[in-house]
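These numbers come from a predicted model, not from an experiment.
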Amino acid sequence: MGHSAMPDKQRDVLKPNGPASGPVGGALEKGAALASELWLRIRTRALSAISPAAEAQLYEVHKEWLGDLSGKKVLEVGGGSPLTPWLAETARTYHAVSDDPARIEALQAQLGERRNARLIDADVMSGAFRDTGYDVIYLHSVLHRLEDRGPLLDRLLKKLAIEGRMVTTDPADGGGVTRLLRSIDRPFRTDTSPDHPVTEDLKRELAERFYLINCVAPFRMGKAALVMGVLHPETGRKLLERLIAADLKDRAAFNRLNSSLKVSFLLGAPD
């Protein structure tokens, strides 16, 4: 983000199909490059409205949900989230499971040597990952990467201890305009993995397996600040901090998936 020249693969997305030659083809290619450059500038200014203080409000809610972890066994699927250091520092036992060697290496460097922490190099769905009885399972940006979430949810339910809790946070559907903007933005993202934002269908899947204890949608009203960020980033940042605080107090967040950009669920193990 923020570079003056677009990478070739991003510029190519907006090129017309077929051969481009002569004055018309050159003009189309130049127009595509300018359109790419303009979108990148808009994107950068909009995202600049998301300050660390604004994001931190969501993770403070997650901490409140999870409470005192000093006697708890905690699993983080994937690891490397903004809450990873806090989970590892406060839990009695902290495990992170990932089949990505680079992520495991990065987590090792981040956490150092901790007697309470274990990094498990395995697919969470594989037989190599055998631990159970987790009091807390934390999933940060995991569910939206899977089209079929059922098998993973069933697997994690078996890993959860009696009265255990699970916290998830993922992009939400956000409605038609949001889907359109995401499709335009996708070529500019460094993460090219599949994207399946949270919808009412996933909420029903969760409700079939867990107790839906709580839900927050921090980018419902807050997304207006992203628009303001395009016009004036500093004003956008101040506005976003206020709007996210209001979003996090919204008691009707369970019904906001079609108007929110992100959603977090607090789930409980069934009896």
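Within the structure, side-chain hydrogen bond (donor to acceptor under 3.5 Å, both in side chains) contacts touching residues 76-99 (residues at least two apart or in different chains) are E76-S81, E76-T84, E76-Y94, S81-T84, H95-Y134. Screening residues 206-250 for ring-ring contact (aromatic ring centres under 6.0 Å, His included), with sequence neighbours left out, gives no hits. Evaluation of the salt bridge (charged side-chain N to carboxylate O under 4.0 Å, His left out) test over residues 225-250, restricted to residues two or more places apart or in two chains, returns R220-D250, E234-R237, D250-R256.
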Sequence neighbours excluded and cut-off under 3.5 Å, please list the side-chain donor-acceptor pairs for residues 101-111, or say none.
unit_1 : atom_1 : unit_2 : atom_2 : d
R103   : NH1    : G79    : O      : 3.4
Q108   : NE2    : G112   : O      : 3.2

Scan the side chains in residues 153-161 for donor-acceptor partners under 3.5 Å anywhere in the protein, sequence neighbours excluded, and list what turns up.
unit_1 : atom_1 : unit_2 : atom_2 : d
D154   : OD1    : R209   : NE     : 2.6
D154   : OD1    : R209   : NH2    : 3.4
R155   : NE     : V124   : O      : 2.9
R155   : NH2    : S126   : O      : 2.6
R155   : NH2    : F129   : O      : 2.8
K159   : NZ     : F129   : O      : 2.8
K159   : NZ     : D131   : O      : 2.8

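Judged as a side chain to side chain contact (heavy atoms under 4.5 Å, CB included), and not counting sequence neighbours, the contacts of D170 are L143, H144, T168, V198. D201 is linked by a salt bridge (Lys or Arg N to Asp or Glu O under 4.0 Å) to R204, counting only residues two or more places apart in sequence or in another chain. Residues forming a side chain to side chain donor-acceptor pair (under 3.5 Å) with D148 (at least two apart in sequence, or on another chain): none. By the salt bridge (Lys or Arg N to Asp or Glu O under 4.0 Å) test, R130 pairs with no residue at all, sequence neighbours left out. Taking the salt bridge (Lys or Arg N to Asp or Glu O under 4.0 Å) definition, one finds that E64 meets it with nothing, sequence neighbours left out. Shown here are the ring-ring contact (aromatic ring centres under 6.0 Å, His included) partners of Y138, two or more places apart in sequence or in another chain: H62. Under the side chain to side chain donor-acceptor pair (under 3.5 Å) criterion, K72 pairs with no residue, sequence neighbours left out.
Between I50 and L240 the shortest side-chain heavy-atom distance falls below 4.5 Å. With a 4.5 Å cut-off on side-chain heavy atoms, N255 and K203 count as touching. Side-chain contact check for I244 versus L58: every heavy-atom pair is 4.5 Å or farther apart. Looking at L267 and L212, their side chains come closer than 4.5 Å, going by heavy atoms from C-beta outward. Using a 4.5 Å heavy-atom threshold, the side chains of V61 and S264 count as separate. Put simply, the side chain of Q57 does not reach to within 4.5 Å of the side chain of P218, judged on heavy atoms. In this structure, L75 and V77 have side chains that are in contact, with non-hydrogen atoms separated by less than 4.5 Å.
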